[in-house]
Amino acid sequence: MSDVGGDNASRSRPVVSHVGRCSTPSNNNNAEENSVPDFQYFGLVPRSPPSLQGFLEVWGVEVHARPDDVNKTQHHTQFYDCSNLVVRRGQPFRITITINRPYKAHTDKLWVELLIGRYPSAVKGTYIQIYLQDELVKGRWGAKVISAHGNILTLSVLSPADCIVGTFRMYVAIMTSHGIRRTARDRATDIYFIFNPWCEEDAVYLSDEAQRQEYVMNDVGCIYYGTTTEVTTRPWIYGQFERDVLKACIYVLDRARMPLQSRGCPIKVCRVASAVINSKDDAGVLVGSWDGTYAGGVAPTAWNSSVEILLLYFKHRQPVCFGQCWVFAAVLNTVLRCLGLPARVVTNFSSAHDNNADLHTDIILDPDGKKMLELTKDSIWNYHCWNECWMLRPDLPSGYGGWQAVDATPQETSEGMYRCGPASVTAIKEGQVCFPFDAPFVYAEVNSDVVYWTQHNDGSLVKGEVKTDEVGKLILTKEVGSDMRMNITDLYKYPEGSVEERSSQAKAIEYGVVKPEAPMEQPKDVSVKVQVDENIMVGSNFTLALEFNNHSNERRSVEVQITGYVMFYTGVPKVQVTDDNLEVEMEPNEVQQTQVVIKSKDYEDKLVEQLSLEFLVTAVVAETGQRLVIEKKITLHIPKLRISVEGEVAYGREVSLVIQFTNPFTKPLEDLVLRIDGLDLTRPDLMLFSRLPENETLKANVSVDLRRRGRWKIIGSLDCPALRQVGGELELQVQ
């Protein structure tokens, strides 16, 4: 878990001076600015102000920043709740300048200046002089007059498609015989430049309009979790257009001390963002915690929106407690989309966390077939969420652009910091793990073999079964234009056992990825299947069904060990809940079935938030020494938070939301927090309840004024120490 005090620690570090290394300090803070003189004299400053009669004087500058104005509609930024102009780079925008007299093109010299940071420099792209020209040229800063009526001058200004992303200060400058006259500092004319997926010259260009609407413009989405066989959906509000979220995203890059001149490169922006979304080593946005105790913060399962998290971080300048993988991925998704990068959240089910980024996840068993928790360092997460962002990769050979995997969850360090990616998804599929960044780690997450070892009493390790198809079994993201699932497993890997899969793996091994050797072939004439009931509700008993099949023509005796654990979703056991032994005697070619009943009293008081159980079944055939290992993971189901509406759903009307939840346990729930997001998108509605008796129903009402037309996504969560991950949603269409 990250150290909450990391932020204070970073503040106490000694400040290293730039003196002796460079002429000015690093320009790495968008919020800082230098003083720009209203009048810059040529040579010595005269004792009295010179006469400027006859020269142009700017009376006002209009940047057309209203949502319905030409700039924001053409730049697809009309949904940003921001009073300043937000434009996408590589695309012209308009400004209107009011001057004291008609403009004379042949004698008047006027230009626009854009500055970013405290130490702007023309060679670094942080100080830009935009001169008027007859025609705009793609790839260069430029401005041209599109109309001049009386003392009103309208300019079209073009930025290059690789310019810095951030907030620029704008001035209009006029040449006089005595010096340069500038407009006064005016924050209303500050302009946000962001990436442009609509511009073919931008590295993040995405040709498909439906995909642009989904991966850039959609501010709500779905995140998948659970297990390969039991996929569950949770809605999420990304909220990239909400008030102050754009400011917060730029502050995130400032907090990472990212040089301003590097902020035009989507590769570098993604890599920095993946590091600073977690607080592990740079006092970033979110503190990670997986231990099930969340005192002093919000449980990861209680969040429904990135907006609250980012605004809390922006307001308090302190890491927000707490997050787990889907929260890190959701917040990073908001930051990337807000800055104009096409991005999506993906979920890898049965995701290997391999400390060595090789191709084997090692599970150590004792002689009785029980997992040795103190020696098993690798784990298979039930699922793991990360992000993909779309961009060209000019640093890689042709063909490796497109979707890039980026992961903000602090798992392992990369070049000294907790970050991961961007790694080309195509490179992962083709086994080209030599390409930056962190391709071996991502490759192992979706391709690792699971190796079972037995440690004998003398300490020796004997390799047992190797399973090649347990990891990366299903990779999902949200479908474009709907809330349906889209299976993207084939973007990461070829079918198991195919010629292409073997070729890809051979390349990965050639570039240094280590694959385990298969153990010596042993007779395999006994098989075991493990099945459980479907849709098991938390608090209920259920049955573990085992089927033993003797495929030989001889008798077989099988000793079976069944160990059950309450698991964190990361594949780490919390506590053992069952320990059963069976002896199965089978005649030749016989099939035997047996059942083990799991009672709620054995697990109910020991559950953690993902309500995950794992059953490890190990079987040894006495006659042949054949050893079988089966791991069965299940996720218990929770009653949904039911959200309904009473009243007419129409613009300007007041309706009542009715929220209900029934306690599934035979014990009371205490210290409940009900969280409703989507009403005021910058903050949730919170309600506290001290106690909910066993099997009783909680009911709450919330009045809502429908003062916004269109789609309303309302998401609720109910959280308490004994039961987490309770959620529900309601969608309204307000006409």
Q: Test side chain to side chain contact (heavy atoms under 4.5 Å, CB included) on Arg140 and Leu158 and set out the steps.
A: CA-CA 7 Å; Arg140 299 179 184 176; Leu158 177 65; over 6 Å; no

Q) Near Lys124 NZ, under 6.0 Å, is it more than 12 heavy atoms from other residues, nucleotides or ligands? A)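 No, the 6.0 Å shell around NZ holds no more than 12 heavy atoms from other groups.
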
Q) Is it the case that more than 12 heavy atoms not belonging to Phe42 sit under 6.0 Å from its CZ atom? A)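 Check passes, neighbour count above 12.
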
Using only atom types and a distance under 3.5 Å, with no angle test, would you say the side chain of [X] pairs donor to acceptor with the backbone of [Y]?
{"X": "Thr477", "Y": "Val345", "value": "yes"}
{"X": "Ser306", "Y": "Ala330", "value": "yes"}
{"X": "Lys72", "Y": "Ala65", "value": "yes"}
{"X": "Asp69", "Y": "Asn71", "value": "no"}
{"X": "Asn218", "Y": "Gln213", "value": "no"}

Check whether the side chains of [X] and [Y] place a donor and an acceptor atom closer than 3.5 Å, and report yes or no.
{"X": "Trp326", "Y": "Gln324", "result": "no"}
{"X": "Asp291", "Y": "Thr293", "result": "yes"}
{"X": "Asn196", "Y": "Gln91", "result": "yes"}
{"X": "Thr347", "Y": "His384", "result": "no"}

Does NZ or CZ of [X] come closer than 6.0 Å to the centre of the six-membered ring of [Y], within 45° of the ring's axis?
{"X": "Arg89", "Y": "Phe195", "value": "no"}
{"X": "Arg675", "Y": "Trp303", "value": "yes"}
{"X": "Arg88", "Y": "Phe93", "value": "no"}

Run the salt-bridge test on [X] and [Y] with the 4.0 Å N-O cut-off and return the result as yes or no.
{"X": "Arg185", "Y": "Glu33", "result": "yes"}
{"X": "Glu242", "Y": "Arg683", "result": "no"}
{"X": "Asp281", "Y": "Arg419", "result": "no"}
{"X": "Lys478", "Y": "Glu214", "result": "yes"}
{"X": "Lys138", "Y": "Glu201", "result": "yes"}

4.5 Å side-chain heavy-atom contact, [X] and [Y]:
{"X": "Arg393", "Y": "Pro422", "result": "yes"}
{"X": "Asp438", "Y": "Arg271", "result": "yes"}
{"X": "Tyr238", "Y": "Val307", "result": "no"}
{"X": "Leu110", "Y": "Tyr131", "result": "no"}
{"X": "Tyr294", "Y": "Cys321", "result": "no"}
{"X": "Thr167", "Y": "Ile191", "result": "no"}

Q: List the steps and the verdict of ring-ring contact (aromatic ring centres under 6.0 Å, His included) for Tyr313 and Tyr251.
A: CA-CA 9 Å; Tyr313 184 67; Tyr251 170 72; 5.6 Å; yes

(Q) Taking the ring of Trp111 and the ring of Tyr171, is the distance between their centroids below 6.0 Å? (A)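 No: the rings miss the under 6.0 Å criterion.
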
Q. Centroid-to-centroid, Tyr127 to Trp141, below 6.0 Å?
A.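 Between Trp141 and Tyr127, which both carry aromatic rings, the centre distance is not below 6.0 Å.
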
Q. Which word best sums up how the rings of Tyr400 and Phe435 line up, parallel for under 30°, tilted for 30 to 60°, or perpendicular for over 60°?
A.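 The rings of Tyr400 and Phe435 stand perpendicular, inter-plane angle above 60°.
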
**Q.** Aromatic plane relationship, Trp198 with His76 - under 30° parallel, 30 to 60° tilted, over 60° perpendicular
**A.**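 It falls in the parallel class, under 30°.
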
Q: Could you walk me through whether Tyr443 and Phe441 pass the ring-ring contact (aromatic ring centres under 6.0 Å, His included) test, one step at a time?
A: CA-CA 5 Å; Tyr443 186 88; Phe441 185 81; over 10 Å; no

Q. Excluding sequence neighbours, so at least two apart, what forms salt bridge (charged side-chain N to carboxylate O under 4.0 Å, His left out) with Asp81?
A.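 Residues passing salt bridge (charged side-chain N to carboxylate O under 4.0 Å, His left out) with Asp81: Arg243.
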
Q: Apply side chain to side chain contact (heavy atoms under 4.5 Å, CB included) to the pair Phe193 and Leu114, showing each step before the final yes or no.
A: CA-CA 11 Å; Phe193 286 83; Leu114 294 175; 3.9 Å; yes

Q | Arg182/Glu113 under side chain to side chain contact (heavy atoms under 4.5 Å, CB included): CA gap, chis, key distance, verdict | A | CA-CA 9 Å; Arg182 291 186 180 87; Glu113 294 182 340; 2.6 Å; yes

